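Just so it is clear, the structure is predicted and the values come from calculations on it, not from any experiment.
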Amino acid sequence: MYKRQGRLYALTGTKTKNWDKRAEALYKGGLLLYRSGRREEALKAFEQAAGDGNNLLYAELAQKRLEQLKE
């Protein structure tokens, strides 16, 4: 269940470049993918979210999560 939902969030965030909720979708997708055991997919979603300047809150949250996972 987590993997499927995580992939949907991440796909939505990936396909919609100029959407103000893109970073949020990618971040939440990353969380769900990580919880389902899909670490590499989660890292990719977090990296995309961290690079999105449209929503600085979720971009910052994604950056913090990346730092935690890379320790």
Legend entry - ILVMFWY clustering at 4.5 Å (side-chain atoms), partners of Trp19: none
Inset, instruction - List in chain and number order the residues that pass salt bridge (Lys or Arg N to Asp or Glu O under 4.0 Å) with Lys64, two or more places apart in sequence or in another chain; answer none if no residue qualifies. - result: Glu60
Check residues 42-59 and write down every donor-acceptor pair under 3.5 Å in which the side-chain atom is one partner and the other belongs to a residue at least two apart or another chain.
residue : atom : partner : partner atom : Å
Gln48   : OE1  : Thr14   : OG1          : 3.3
Asp52   : OD1  : Asn54   : N            : 2.7
Asp52   : OD2  : Arg22   : NH1          : 3.4
Asn55   : OD1  : Leu57   : N            : 3.4
Asn55   : OD1  : Tyr58   : N            : 3.4

Between side-chain atoms of residues 30-39 and protein atoms elsewhere (two or more places apart, or another chain), which donor-acceptor pairs fall under 3.5 Å?
residue : atom : partner : partner atom : Å
Arg35   : NH2  : Tyr2    : OH           : 3.3
Ser36   : OG   : Leu33   : O            : 2.8
Arg38   : NE   : Glu41   : OE2          : 2.7
Arg38   : NH2  : Glu41   : OE2          : 2.8
Arg39   : NH2  : Leu69   : O            : 2.9

Legend entry - ILVMFWY cluster, Leu66 and Leu26 together (side-chain gap under 4.5 Å): no
